[in-house]
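Step one of this worksheet: look at the structure below.
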Amino acid sequence: MLKEKAEQVVTELAQKIISSIGPSKLVVGLSGGADSTLVLLIAKRVTELDQRYSALAVHCIHGLDADDPVWFNHCHKLCESVGVEIRTPKLNIVYGNGRSPEEVSRAERYRALLDNLDEHSALLLGHQADDQIESFLLALKRGSGPYGLSGMRFMVHDDRGSLIRPLLELHKSEIIDIIESLGFSHVFDISNTYMKFERNFIRLKVLPLMRERFPGIDKAILRSSKLCASEHDLAMRYAKDAYERAFDRERLRLDISKLDVSDESLMLSVLRLFLYEKLVMTPDYNAVLDALNLCRISPDQCTVIPLEDGYEVRRFRNYLYIVKPSVCNAHGQFELEAGQNLRLDDFLYSLEPCEDGFACDRVVLDFEYTGSMKLHPKKRVHSREIKKLFTEYSVPSWERDSICLVRAKNTNTVLGLGALFVTKEGALENSSALRYRLKIERA
């Protein structure tokens, strides 16, 4: 390829990014391979065309390969030559419990890249047409539905931020041709030849045979992927309305009573949207099915569905929750004054001003109580046992260890139960000018 043609391709892709998003910091996931090298050159071209944009390269150190220093040095020299800042976070990759090194590495790499985003950033990734084809076949092997088969999009904007993949219309051979025409080299990753990885097996064994027998297979797969994407997008528009009616964003829970659990097609789409609230990668189909079964069984079940990064799906009454279990093994009593914070295991306790609170700025947090103890919330006519109040106030079982009695330091009067309510006794007027309520946060 002539250098002029390669320059034209880079400029056209840079202009496509500019036309897609406003002025941003472009964060490039840089491995040092041909694909990410071209993405870096495109990001740099964007900053040359419009100085309101900036570029940052992030090279993740996996710590699993003896060639890590080679990649590290190459990426530093590359960024220095094109004038782009580079950051090199070290990943903490711990695999096992059914998760492969490849899976964990991918999840940790995404997490490290996303850590460099803010509201005015976009993450640029080097996935290209060959990756799209391989992903389609991998998804087919795993029994994925339209979403898994739909592949990657040029731009995705969600809670993670903006993710842009500018190379999806180019094949690997074209990419190598472009960067070499521009005078740049790349590092070859020897792990791309390891047959223990499914993607490599498909790339090196399956696809060559298919291309030999079916010369148009690449175009056919890419076309099928786009059709699946259209079908999925149409289904999501329908599912989105049902999801929004049932989703409580503040407490990160799904109201099962507002959904027709017998409509399996709709439920699977809604649950996939729900799991995406916390997952970085595509939800595992079995996890979605397990969540559907959890919606259908008795609300008194203690079933736990494990997800990535320590999150879990749990059910309490008519709600499905996504939670990350926290620890609170507090015992005994702890003093707390207004203006102070008290850290107990994974939780932080403080007193916050509240017009409808108790008039006491020095309290004792008491974790030594039983569920049979009765309290009288100020808005109830009668007192009731704490274990029944937990149910009345929709407190899931896994949150109850962090909830304590709030007592007045001087009189020992019970002023409230955690952040749930103020008692009738605690609401009584006195000479204090300020009123408070307990605030409990995850530390």
Side-chain angles (χ1 to χ4, degrees), residues 20 107 110 114 123 127 132 135-136 138-165 168 222-299 301 303-309 311-324 394 396:
S20 300
Y110 265 97
L114 293 171
L123 176 60
H127 299 109
Q132 194 83 297
S135 295
F136 182 93
L138 282 169
L140 191 66
K141 189 272 296 183
R142 293 167 184 160
S144 298
Y147 180 73
L149 297 172
S150 65
M152 298 168 280
R153 317 294 178 91
F154 168 76
M155 184 168 72
V156 176
H157 185 75
D158 54 28
D159 291 341
R160 299 172 296 175
S162 297
L163 276 66
I164 299 178
R165 296 177 172 91
L168 291 179
L222 292 173
R223 183 171 62 250
S224 293
S225 182
K226 289 182 179 180
L227 289 172
C228 286
S230 297
E231 295 289 340
H232 172 264
D233 290 348
L234 187 61
M236 284 298 107
R237 290 180 198 173
Y238 178 64
K240 191 77 172 178
D241 291 338
Y243 178 65
E244 292 297 337
R245 289 195 300 270
F247 182 54
D248 179 351
R249 190 168 299 279
E250 182 178 349
R251 298 194 62 181
L252 203 61
R253 64 182 186 178
L254 198 65
D255 189 344
I256 301 170
S257 67
K258 294 181 179 179
L259 298 167
D260 180 4
V261 296
S262 65
D263 188 341
E264 183 166 320
S265 297
L266 178 60
M267 284 297 299
L268 291 176
S269 295
V270 167
L271 291 170
R272 197 172 281 114
L273 288 170
F274 181 54
L275 297 184
Y276 254 130
E277 294 292 340
K278 283 298 179 183
L279 299 188
V280 174
M281 307 304 292
T282 304
D284 181 77
Y285 182 63
N286 289 330
V288 180
L289 283 180
D290 289 343
L292 176 57
N293 290 333
L294 192 56
C295 292
R296 289 172 168 171
I297 61 178
S298 166
Q301 298 292 323
T303 303
V304 176
I305 301 172
L307 304 174
E308 68 181 49
D309 197 27
Y311 284 99
E312 298 173 346
V313 177
R314 290 174 176 258
R315 178 172 179 175
F316 176 69
R317 303 176 76 183
N318 282 326
Y319 290 97
L320 214 59
Y321 291 79
I322 299 178
V323 299
K324 179 174 281 190
S394 298

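- Here Tyr243 pairs with Glu277 under the side-chain hydrogen bond (donor to acceptor under 3.5 Å, both in side chains) rule; sequence neighbours left out.
- Looking at heavy atoms from C-beta onward, Leu254 lies in side-chain contact with Leu271 at the 4.5 angstrom threshold.
- Between the OH atom in Tyr319 and the CG atom in Leu252 there is a gap of 13.5 Å [rounded to 0.5 Å].
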* From CA spacing to verdict: side-chain contact (heavy atoms from CB on, under 4.5 Å), Leu140, Leu149 -> CA-CA 7 Å; Leu140 191 66; Leu149 297 172; 4.2 Å; yes
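- Shown here are the side-chain hydrogen bond (donor to acceptor under 3.5 Å, both in side chains) partners of Tyr321, two or more places apart in sequence or in another chain: Arg253.
- Using a 4.5 Å heavy-atom cutoff, the side chains of Leu114 and Leu123 are in contact.
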Would you give me the side-chain donor-acceptor pairs under 3.5 Å for residues 285-295, sequence neighbours excluded?
{"from": "Asn293", "atom 1": "ND2", "to": "Leu289", "atom 2": "O", "distance (Å)": "3.4"}

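- Closest approach of Ile322 to Leu275, counting heavy atoms only: CD1-CA, 4.0 Å.
- Using a 4.5 Å cut-off on side-chain heavy atoms (C-beta onward), Tyr238 and Ser269 make no contact.
- Residues passing the side-chain hydrogen bond (donor to acceptor under 3.5 Å, both in side chains) test with Ser224, sequence neighbours excluded: none.
- Atom-to-atom distance recorded for Lys324:NZ and Tyr311:OH is 4.0 Å, nearest 0.5 angstrom.
- Although no hydrogens or angles enter the test, the distance criterion places no donor-acceptor pair under 3.5 Å between the side chain of Ser150 and the main chain of Ser225.
- Ser162 is linked by a side-chain hydrogen bond (donor to acceptor under 3.5 Å, both in side chains) to His157, counting only residues two or more places apart in sequence or in another chain.
- Qualifying salt bridge (charged side-chain N to carboxylate O under 4.0 Å, His left out) partners for Lys141, counting only residues two or more places apart in sequence or in other chains: Glu198.
- With rounding to the nearest 0.5 Å, the separation of CD in Gln132 from NE2 in His127 is 9.5 Å.
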Show me the donor-acceptor pairs within less than 3.5 Å that the side chains of residues 258-267 make with the rest of the protein, sequence neighbours left out.
{"from": "Asp260", "atom 1": "OD1", "to": "Ser262", "atom 2": "N", "distance (Å)": "3.1"}
{"from": "Asp260", "atom 1": "OD1", "to": "Ser262", "atom 2": "OG", "distance (Å)": "2.5"}
{"from": "Asp260", "atom 1": "OD2", "to": "Ser262", "atom 2": "OG", "distance (Å)": "3.4"}
{"from": "Asp263", "atom 1": "OD1", "to": "Leu266", "atom 2": "N", "distance (Å)": "3.3"}

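- Taking the ring pair (Phe, Tyr, Trp, His ring centres under 6.0 Å) definition, one finds that Phe136 meets it with nothing, sequence neighbours left out.
- Not a single ring pair (Phe, Tyr, Trp, His ring centres under 6.0 Å) links Phe316 to another residue, sequence neighbours left out.
- Every residue meeting the salt bridge (charged side-chain N to carboxylate O under 4.0 Å, His left out) condition with Glu312, not counting sequence neighbours, appears here in chain and number order: Arg314.
- Residue pairs meeting the salt bridge (Lys or Arg N to Asp or Glu O under 4.0 Å) criterion with at least one partner in residues 232-242, sequence neighbours excluded, are Arg153-Asp233, Lys240-Glu244.
- Checking each of Ile305, Ile256, Val304, Thr303 against Arg315 for a side-chain contact (heavy atoms from CB on, under 4.5 Å) leaves exactly one that passes, namely Ile256.
- Under the ring pair (Phe, Tyr, Trp, His ring centres under 6.0 Å) criterion, His232 pairs with Tyr147, not counting sequence neighbours.
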